There are 2 protein chains.
Amino acid sequence: MAQASPSASAGDTKALILDAALRRFAEHGYDGTSLNDIADDVGIRRPSILHHFPSKEAIYRAVLKQLVDDWGTLVIKAVRDPEKGWDQIERVLAAAFEFFENNTEFVRLVRREAIAGGPFFDEIATTLQPLFDQAVGFLEREMKAGRLRKHNAPQLLLAGYGAILSYFSDAPLITVLLGSDPLSPEALRVHHREVVELFRNALDPR
Amino acid sequence: MAQASPSASAGDTKALILDAALRRFAEHGYDGTSLNDIADDVGIRRPSILHHFPSKEAIYRAVLKQLVDDWGTLVIKAVRDPEKGWDQIERVLAAAFEFFENNTEFVRLVRREAIAGGPFFDEIATTLQPLFDQAVGFLEREMKAGRLRKHNAPQLLLAGYGAILSYFSDAPLITVLLGSDPLSPEALRVHHREVVELFRNALDPR
DNA sequence: GTCTATATTCCGATAGAC
DNA sequence: GTCTATCGGAATATAGAC
């Protein structure tokens, strides 16, 4: 029986290391995470970590690869059998929200990379670049066909990227600003609805 | 004659340290920056840094305080003699864009704090919180008066926060996605116009 | 596969000469 | 005010026993 969650709960030490490393790297960044931190979470000693991975950098790379692969899989599923116009956008938004909700570490890690170029910035950037181009292409096609109102497609996409990702990546700050948990199911529902409405106002010609 | 820029170009070593530290902390984070890095940029040795500041943490705190003070000053100026409805929003947006354009390090530093809680997360959060409440109050008042279309004000504000800040904080990634410099005057003009239009579609009842 | 012990390097911070 | 020299500690990584 396969495990749906990216984490493992028993047996495979390698998976336990990746799971602990993901949480640590997302929370404290690459420089702010030591092999001792990861080893403590797993419940083993530092050198035992390096029996499974050749270096700290290799662990980080493996964590990143797993996340980007998961994201790529989701995107492929989301753009299969595409709808036209606004319906497709709502579909992709819903898929993205669900993914981010279940992978908040992904968002924070990618954001850390985006800000400054972590150790493997180029890898992430070149992976995301074709997905971005594909989305821009879709938007421009639908605008030209009159199924979406005309806008600067790349800029609109970047605005959406920022609005959605920030809500997850900056959850600690937003918790203070709102005075309540922004990641509760109720709060996420409200945020989702508001973002959809914001872009529907700009894009939906109906 | 006073110096308008936050940086110094000669003489005052303390200011040179702050200037170098700001750039290093914004680019590589607190953990990713060593006193040697800063000292190298200034052109002195590591212990000389600690003649001007008692510790690395004190330098970070000083950098942060200067940025938050600058931001507070801008906000105070921007909300003086407020306009009504959409005009005021456009005014504040223009002021914010100009500030971020001239203080890209501010954006990246605040974002690092927002993601995980840097060393002084609480300070930043409690400083920004009343500004957030003030903005929410304005939006809700204007919506009630019919000068703005009704929305979930906090959520809309968070969406705007994310859309605008991400463009600056994630400039390294966006450079790859767009294939051109997102911080060029021309690109900033386009981005500014698109963000204004996005929110005008949602808010302006005219 | 996990451990103890250790090599090496870098860190922040201090002491004291000039 | 800046320097060299050094302390104490933590980091990654390796060697080798079990």
Side-chain angles (χ1 to χ4, degrees), chain A residues 3 7-65 109 112-113 116-121 123, chain B residues 3 7-65 109 112-113 116-121 123:
Chain A
Q3 178 107 4
S7 58
S9 52
D12 195 354
T13 305
K14 199 162 175 171
L16 290 175
I17 293 171
L18 283 176
D19 197 53
L22 166 62
R23 279 180 282 107
R24 285 282 183 174
F25 285 142
E27 181 75 14
H28 302 286
Y30 185 82
D31 292 315
T33 298
S34 76
L35 293 180
N36 266 332
D37 294 332
I38 300 172
D40 286 350
D41 287 354
V42 175
I44 58 178
R45 298 289 204 167
R46 182 173 67 253
S48 304
I49 299 267
L50 296 172
H51 172 78
H52 300 274
F53 294 92
S55 69
K56 177 183 175 182
E57 202 176 287
I59 299 174
Y60 189 76
R61 194 183 288 268
V63 165
L64 223 53
K65 181 179 164 25
L109 249 162
R112 285 182 185 279
E113 293 284 331
F120 310 110
F121 170 76
E123 262 172 75
Chain B
Q3 176 108 4
S7 58
S9 52
D12 194 355
T13 305
K14 199 161 175 171
L16 289 175
I17 292 171
L18 283 175
D19 197 54
L22 166 62
R23 277 180 284 108
R24 285 282 183 175
F25 285 141
E27 181 76 14
H28 302 288
Y30 185 82
D31 291 318
T33 299
S34 75
L35 292 180
N36 267 333
D37 294 331
I38 300 172
D40 287 350
D41 286 354
V42 175
I44 59 180
R45 298 290 203 165
R46 182 173 68 250
S48 305
I49 299 267
L50 296 171
H51 173 78
H52 299 274
F53 296 90
S55 68
K56 177 184 176 182
E57 201 176 287
I59 300 175
Y60 188 77
R61 195 182 288 269
V63 165
L64 222 53
K65 180 179 163 26
L109 245 151
R112 285 182 183 280
E113 294 284 333
F120 310 110
F121 169 75
E123 262 173 75

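Chain letters run A, B, ... following the sequence lines, proteins first and then strands; every chain starts at 1. Just so it is clear, the structure is predicted and the values come from calculations on it, not from any experiment.
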* How close or far is atom C1' of dA13(C) from atom CD1 of I59(B), stated in whole angstroms? -> 12 Å

* Under 4.0 angstrom, heavy atoms only, what part of the nucleic acid is L35(B) near: base, sugar-phosphate, or nothing? -> sugar-phosphate

* Structure fact -> On DNA chain D, more 5' by nearest nucleotide between P47(A) and D37(A) is D37(A)

* Asked: For F25(B) and dG12(C), what is the distance between atoms CZ and C1' respectively, to the nearest whole Å?
  -> 12 Å

* Structure fact -> chain B vs DNA chain D, heavy-atom contacts under 4.0 Å, first-to-last nucleotide span, 5' to 3', is dG1(D) to dT6(D)

* Between dC11(C) atom P and D31(A) atom CG, what is the distance in whole Å? -> 11 Å

* Asked: Do you know which two heavy atoms are closest between E27(A) and R112(A), and how far apart they sit?
  -> O-NH2, 2.9 Å

* Asked: Taking F53(B) as the fixed residue, which of I59(B), I38(B), L35(B) is the one that meets the side-chain contact (heavy atoms from CB on, under 4.5 Å) rule?
  -> I59(B)

* Do E123(A) and L64(A) touch side chain to side chain, with heavy atoms closer than 4.5 Å? -> no

* Structure fact -> From NZ of K56(A) across to C1' of dT9(C) the rounded distance in Å is 14 Å

* In terms of ring plane angle, is the pair Y60(A) and Y30(A) parallel, tilted or perpendicular, where the classes change at 30° and 60°? -> perpendicular

* **Gap between atoms CG and C1', on L50(A) and dA5(C) respectively (whole Å)** => 15 Å

* To do: Look at all strands and tell whether S48(A) reaches a base, only sugar-phosphate, or nothing, counting heavy atoms closer than 4.0 Å.
  => base

* How about L16(B) and I44(B): do any of their side-chain heavy atoms sit closer than 4.5 Å? -> no

* dT14(C) P sits how many Å from H52(B) NE2, rounded? -> 15 Å

* Asked: Which whole-number value in Å describes the distance from F53(B) CZ to dG12(C) C1'?
  -> 16 Å

* Asked: Are side-chain heavy atoms of L109(A) and L22(A) found at a separation under 4.5 Å?
  -> yes

